[in-house]
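What follows is one structure encoded as C-alpha cells, with my remarks underneath.
So you know, we letter chains A, B, ... as the sequences are listed, proteins then strands, and number each from 1. All values below come from the heavy atoms of this structure, side chains included, with hydrogens, waters and symmetry mates left out.
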Amino acid sequence: MRFRLGYVAMTLNLEDCSPSGTVTVSTLEKLGDEKARLYRLRKVASKNIANTMRILRYNKAYNIKVYRFTSKLIPLATHPMVRGWNYAEEFKKELKEIGDFVKENDIRVSAHPDHYTVINTNSPKVFNDSVLDLEYHVEIFKAMGLDDYKYKLVLHTGGLYKDKIASIERFKENFIKLPKSIANRIILENDDKSFTAADVLGICKDLKIPMVLDVHHHYCNNGGEQLDDMLEDIFETWQQEYFNPKVHFSTPKSEKDYRSHADDINAEEFMKFISSASYINQDIDVMLEAKNKDSALLKLSDELTGYGNVKRINEAEFEIL
DNA sequence: CCAAGTCAAGTCAGA
DNA sequence: TCTGACTTGACTTGG
C-alpha cells in the first residue's frame, strides 16, 4: 500500500508567501471611489495568485503532490461590495498558468470552502450565499482549466438543527437543487461535532459521491462507531474517481483542547492509522492538518523513515511493506 | 516596529 | 432573543 502526504494552503518555508492576503470591508469603504477599491483588490489578489504559483513550485521541489488551495485567493470575492468584478477574466493568464502546472505535474489540488457554506440550511438566504461561495470556487477552478472529474471541493454536512435525521434529509434535498457544475465538485467530510463518519458515509452512498475521512474528527465525534468497520466502505465511495481516497489527519493539541490541531503530526498515531488502513489494498492520499503546515509534513516524513515496515519513495510518498 | 483588537459569512450553547 | 465561542491567519490601528 502506498500513500502520499499533502498540506493546507500555506508554506512556512518561503518568505512573504501567503496566498490568503485580504483587505477588510472597512478599509475598502474608507477608500472613497470605485477605482481605488479595485486597485487595492487587484493588488492583493495578484499577490495571492503569484504566491500560490510559488507554493506549487516549492511543492514540486519537495515532491509534494497533494495540496489544498486557500479559499481566500480573491479577497472578498463573494462580498456584495465586490460583486461584478470579473476576477477570473482579469487573472485569466495567471490562473491558467497555475492550472497548467497542476496538470503537467499531476498534482492533486482541492479546496475546502469554509464553514459558512452550509448546504443543509433552512434559510433561503444562507443557501443562496452558500451557492455563491461555491460558484466562486468553481469559477477559480474553471479559470485554471481544472475539470470537475478530478478537482474537488470538500464540504461538511452542515448544522444539526436539533434533528439529525431531518438535517441529513435536507442536505440531500438541497444537494439535488445545486447546479451540476457545483454538485459534480462536492465531496463530503465527517466533522468533529455534528455528523459522524457513519452519518457522512450514508449520505455519500445515497448521493454517490466520495467521502473524505477525517481521522481526528472521527475521534472527536463518533457515536461509538469503529473506524475499522467503515474504512473499506469509505474507500469504496472512491471507486469511480480519478484520484485515490483522501484522508485528513491531524493530531489533537492536548487532552483538554482535543479538537484543536497540534503544531505537528504524532508519527506514532499516524502509523497506527496507516497500519490499520494497510490491510485494505488501497493507496491513499493523506492531507495533514497541522499548525506547522509543510514543516510538519517534512518532520513526519523524516520520522517515518524510522519505521521498519515503511519505505520512503520520496519526501511525500511512502510504501508500507 | 510591535502588540492588541478585529475581521463577511453560520451554528450552537447558554444567558 | 441576543451574545459569545468556535478557529485562525492576517489586517488594522494605537502606542
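Taking the ring axis of Tyr161(A) as reference, the NZ or CZ atom of Arg170(A) stays within 45° of it and closer than 6.0 Å to the ring centre.
Taking atom NE2 on His261(A) and atom C1' on dG9(C), their separation rounds to 15 Å, with Å as the unit. Atom pair Ile55(A):CD1 and dG9(C):C1' shows a separation of 13 Å (rounding to whole Å applied). Put simply, NZ on Lys253(A) is 11 Å from C1' on dT7(C), counting in whole angstrom units. Following rounding to the nearest Å, Asp214(A) (CG) and dT7(C) (P) show an atom-to-atom distance of 13 Å. Atoms NE2 (His112(A)) and C1' (dT7(C)) sit 13 Å apart, rounded to a whole Å.
By the salt bridge (Lys or Arg N to Asp or Glu O under 4.0 Å) test, Lys253(A) is found to be paired with no residue, residues two or more places apart in sequence or in another chain being considered. By the side-chain hydrogen bond (donor to acceptor under 3.5 Å, both in side chains) test, Tyr242(A) is found to be paired with Asp106(A), residues two or more places apart in sequence or in another chain being considered. Taking the salt bridge (Lys or Arg N to Asp or Glu O under 4.0 Å) definition, one finds that Glu173(A) meets it with nothing, sequence neighbours left out. Ser181(A) pairs by the side-chain hydrogen bond (donor to acceptor under 3.5 Å, both in side chains) definition with nothing, not counting sequence neighbours.
Leu76(A) comes within 4.0 angstrom of a base, heavy atoms only. Thr121(A) comes within 4.0 angstrom of the backbone, heavy atoms only, and of no base.
Between His248(A) and Leu213(A), the closest side-chain pair of non-hydrogen atoms is not below 4.5 Å.
In this structure, Asp302(A) pairs ionically with Arg312(A), as a charged nitrogen and a carboxylate oxygen lie closer than 4.0 Å. Looking at Lys125(A) and Asp129(A), a side-chain N of the basic residue comes within less than 4.0 Å of a carboxylate O on the acidic one, giving a salt bridge. At a threshold of 4.0 Å, the pair Arg259(A)-Asp192(A) counts as salt-bridged, since one of the basic side-chain nitrogens sits closer than that to a carboxylate oxygen.
Heavy-atom contacts of chain A under 4.0 Å fall on DNA chain B between two terminal nucleotides, which in 5' to 3' order are dA8(B) to dC12(B).
Listed by first and then second residue, the side chain to side chain donor-acceptor pair (under 3.5 Å) pairs involving residues 226-241 of chain A are Lys205(A)-Asp233(A) (not counting sequence neighbours). Note on residues 54-82 of chain A: pairs passing salt bridge (charged side-chain N to carboxylate O under 4.0 Å, His left out), not counting sequence neighbours, are Arg57(A)-Glu97(A), Arg68(A)-Glu289(A).
If you take atom P in dA8(B) and the same atom in dT12(C), they sit 10 Å apart, rounded to whole Å. With P as the reference atom, dT6(B) and dT3(C) are 16 Å apart, rounded to whole Å. dG5(B) and dA5(C) are spaced 13 Å apart, taking the P atom of each and rounding to whole Å.
Using bins of under 30°, 30° to 60° and over 60° for the plane-to-plane angle, the ring pair His261(A)/His216(A) lands in the tilted bin. Note on ring orientation: taking the six-membered ring where Trp is involved, the planes of Trp85(A) and Tyr87(A) are perpendicular (angle over 60°, cut-offs 30° and 60°). Using bins of under 30°, 30° to 60° and over 60° for the plane-to-plane angle, the ring pair Phe273(A)/Phe249(A) lands in the tilted bin.
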Could you pull out the protein-nucleic contacts involving nucleotides 13-15 of chain C (nitrogen or oxygen on both sides, under 3.5 Å)?
from: dT13(C); atom 1: OP1; to: Lys30(A); atom 2: NZ; distance (Å): 2.2

Protein-nucleic acid N or O pairs under 3.5 Å, nucleotides 2-6 of chain C:
from: dC6(C); atom 1: O3'; to: Arg259(A); atom 2: NH2; distance (Å): 3.4

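In this structure, Ile165(A) shares a hydrophobic cluster with no other residue, the cluster being traced through Ile, Leu, Val, Met, Phe, Trp and Tyr side chains under 4.5 angstrom apart.
Residues from residues 7-22 of chain A that place a heavy atom under 4.0 Å from any atom of DNA chain B: there are none.
Note: Phe69(A) and His112(A) fail the aromatic proximity criterion, with ring centroids not under 6.0 Å apart.
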Note, DNA chain B 5' to 3' with Watson-Crick or G-U pairs under 3.5 Å encoded as ( ), [ ], | and . gives |||||||..||||||
